Amino acid sequence: METERLEGSVAGTVFRNEENGYSVIMVKAGRKAITCTGILPELAIGEQVVLTGTYVDHPQYGSQLKVASFEIIKPTTLSGIERFLASGLIKGVKTSSAKQIVEHFGEETLEVLSEHPERLQEIRGFGKKRWKMVAESYHQCMYLRNAMVFLQTYSIPSTLAQRIARKYGSDTEKTIRENPYRLCMEIDGIGFQTVDRIAASMGIAQESEYRLKAGLIYVLQEQSYSMGHCYLPAEELLRHAGALLHAPDALLEHALEELAADGNIKCERTDHDLRVYLPVFFQAETDVASRLLELYSSVPRGSRKKGEQRIRAFEARHHVAFSALQREAILSALEFGVLIITGGPGTGKTTIIRCIISLLQDEGEVTLCAPTGRAAKRMSEATGQEARTIHRLLESTGEGVFGHNEEEPLETSCVIVDEMSMMDILLMRSLLCALSPGTRLILVGDADQLPSVGAGNVLGDLLASSVLPAVRLTDIYRQSEESRIVVNAHRINHGEMPVLNEKGTDFFFERKEMPRDTAETIVSLVATRLPGFIHCSGDERAQSIQVLAPQKKGDTGVIALNVMLQEALNPPAPDKPSITWGDRLFRKGDKVMQTKNDYNLAWIRHTPRGEQEGEGVFNGDIGTILDVDEEANALTVRYDEDRDVEYSASAGDLDNLDLAYAMTVHKSQGCEFPVVVIPVCGGPRLLLTRNLFYTALTRARSLVVLVGREQVIRDMVENNHIAHRYTALSDCLYQMSMSRSMKMPEDNA
């Protein structure tokens, strides 16, 4: 699209979002009034502006200028200055007082307001309190405008420019000229490369100390986000930073030393290497180890003999018989303050959790939780007890901030956490901070699943340390005779090929050589063939059948499959309004997923007792679009627990929403679906691994269908590559337990 320039006067503001500055204004150019949209400072009627952008056609409002940059021309005439002051932008100045100010100072009015606002006291009615209010309001208005104009010269998007200007205020230009790298360290959403480009255009040298320090911090942040590392060995950090910054090792080492001296990073030397942490991850691993040991030691050890008696009574009451390993897990839960239970699908984890809940409820309240909404819902259905997400349990009030913490701990006797493989180190720390000594903690999960999306390897590290009691369940019980999903999952986990296309089972494979054929077959399966097989129709298809792909790109990647499945399952219709955001189209009825934690996104739940309100929608939450407002460029999504959330293009919420007919295996963790369809037709070796394949299969409750090539299945089974994460929780636990000479709590027989 061709960039256009528009010069004119502001005729009025149709809409303005005060939080992010998104505005719809009318600009008069000659005899025409033109609608303009974009992130803009507050503008007064009559102000002269120069706007650049592209014209777009809105389905209802017609041609509009989508503003990319702007310039505000200061009024030069006395009438223009008076109109500006009387516009309402300046607190303490109304129409009559604007006239007084201009009559008194004339053409020097704006200079007086900028340089000598105390002179307002020369005018009757402007006492000390009032002139200071006027001066502060005027300066705030000017600073915001000047900062946004300054920032747009460096191609910073208007939304980010607004946030930067609000954070630094009158110091915006000074701060950025002095050290632009503060932006990527202090403002979420601004990456190092963006700031590096700004710094280069400002003439900041490549070997600037600010640049080198920011680059080192960026590498640590990026590696924690993309690879799940809690730290990096110094040698590896310097290698990554050198490739990014093209700076000599000596300068990077000096910058690293200064960051450590300033407390911006934490270094820990071991016998093998120097570990470099962001302080938040060092503190998290230390706190998790310390608090787990404290919990373990604070619960009196239960009597094994009494435990055995209680288990036998439960077996008689419920007509069940536990195996030796299951019995050991239940006994350990009654005996120890902290216990880890791990095992694959069908090994009886749910059965023993039900028994543990029943027996521990005699001693006090038992609280159930899981990292995601879907996992919590599954836990509730399996146990018949309420289970909540950890965020909801701790009463999240913002990013990393919770209502329940060390000062306000949870009031419960026992906490049972399911899907521990999904637990990252920061969330684990937050949970432990909310548990007071004497609280029993039982951690349940499958150690062979993919690790958490966030940094850390909590479950794996706890098991590797061998410090805390752990029971690994290995025998298969659930549906062992009729379910090939369970049997094949365990075969894959042991490096054996799954049994394919055995008649009368729940595990199928359809051979397709080419990726495009694979994609078309998957769409046919989801849209027509499988619904008939499992007896579901209409809207139930999207909810009952889930496509899980190893990767995002390619013909059988999540992006392409979502477009094809949307067209097949939820095609355009007169009663299905839609909006486009970036390269995504959202339509009423679409299945969607939140892709990033948003602690401030508001939701409403409609109940028989009235509306309930709350905040927080989290990475991996799956919902359905209830309604689309094409005029406001907004939509409403209903999530689990009947939470209705409004997403607005103007607020930028849609950046974190995606279609969910197909999703990556990583995003499916903690979920369970009646039917899972998986493309197996090649891709990067680092993605097509055994534990990814295993994780995908174990998301299915009733039916698995693989589509693609048998050789790819074989390759995945044989590829036991597990991406190593740099974490030290295991070492930390072991060292702390040794230093404390940890002993078993006294037997309370």
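What you are looking at is a predicted structure, and each value in this text was computed from that prediction instead of being measured.
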> Are any of the side-chain nitrogens in Arg529 or Glu510 under 4.0 Å away from the carboxylate oxygens of its partner?
Replying inline: yes
> Are the side chain of Thr383 and the backbone of Met379 linked by a donor-acceptor contact shorter than 3.5 Å?
Replying inline: yes
>> Could you check whether any side-chain heavy atom of Thr412 comes within less than 4.5 Å of a side-chain heavy atom of Val366, counting everything from C-beta outward?
In response: no
>> Could you measure the distance from the CD1 atom of Ile416 to the CD1 atom of Ile442? Nearest 0.5 Å is fine.
In response: 4.5 Å
> Do you know the tightest heavy-atom contact between Ala455 and Asp424?
Replying inline: O-CB, 3.2 Å
>> Among residues at least two apart in sequence or on other chains, which ones pass ring-ring contact (aromatic ring centres under 6.0 Å, His included) with His666?
In response: none
> Does any non-hydrogen side-chain atom of Val67 lie less than 4.5 Å from one of Ile25?
Replying inline: no
> Is it the case that Tyr647 and Gln594 place a side-chain donor and acceptor less than 3.5 Å from each other?
Replying inline: yes
> Will you find, in the side chains of Ser380 and Glu386, an N or O donor that is under 3.5 Å from an N or O acceptor?
Replying inline: no
>> Looking at Arg605 and Glu613, is there a salt bridge between them, counting it only when a charged N and a carboxylate O are closer than 4.0 Å?
In response: no
>> Please report the interatomic distance NE2(His404) to CG(Leu435), rounded to the nearest 0.5 Å.
In response: 11.0 Å
> Does the salt bridge (charged side-chain N to carboxylate O under 4.0 Å, His left out) test come out yes or no for Arg378 and Glu419, once each step is laid out?
Replying inline: CA-CA 10 Å; Arg378 283 180 57 203; Glu419 294 288 355; 3.0 Å; yes
>> Does atom CD (Glu365) have a neighbourhood of more than 12 heavy atoms from anything else shown, all under 6.0 Å?
In response: yes
> Checking side chain to side chain donor-acceptor pair (under 3.5 Å) against Arg638, which of Asp644, Thr624, Asp627 comes through?
Replying inline: Asp644
> Which pair of heavy atoms, one from Ile522 and one from Pro679, lies closest together, and at what distance?
Replying inline: CD1-CB, 3.6 Å
> Val675 versus Arg701: any side-chain heavy-atom pair under 4.5 Å?
Replying inline: no
> Who passes side chain to side chain contact (heavy atoms under 4.5 Å, CB included) against Thr389, sequence neighbours left out?
Replying inline: Ala376, His391, Arg392
>> Can you see whether Arg16 engages Ser23 through a side-chain donor-acceptor pair at a distance of less than 3.5 angstrom?
In response: yes
> Are any side-chain N or O atoms of Asn562 and backbone N or O atoms of Leu659, one a donor and one an acceptor, separated by less than 3.5 Å?
Replying inline: yes
>> Strictly below 4.0 Å, N to O, side chains only: are Asp506 and Arg484 in salt-bridge contact?
In response: no
>> Do Thr3 and Thr52 pair up side chain to side chain, a donor and an acceptor below 3.5 Å, judged on atom types alone?
In response: no
> In terms of side-chain heavy atoms, does Gln449 have a donor or acceptor partner in Thr698 at a distance below 3.5 Å?
Replying inline: yes
> What residue among Val676, Leu450, Leu548 forms side-chain contact (heavy atoms from CB on, under 4.5 Å) with Ser668?
Replying inline: Leu548
> salt bridge (Lys or Arg N to Asp or Glu O under 4.0 Å) with Asp621: which of Arg643, Lys667, Lys377?
Replying inline: Arg643
> Hey, what do you get for CD1 (Ile678) to OG1 (Thr556), rounding to the nearest 0.5 Å?
Replying inline: 12.0 Å
>> Pairing donors with acceptors under 3.5 angstrom, does anything connect the side chains of Trp581 and Asn633?
In response: no
>> Just by distance, no angles: are the side chains of Asp448 and Asn691 close enough, under 3.5 Å, to form a donor-acceptor pair?
In response: no
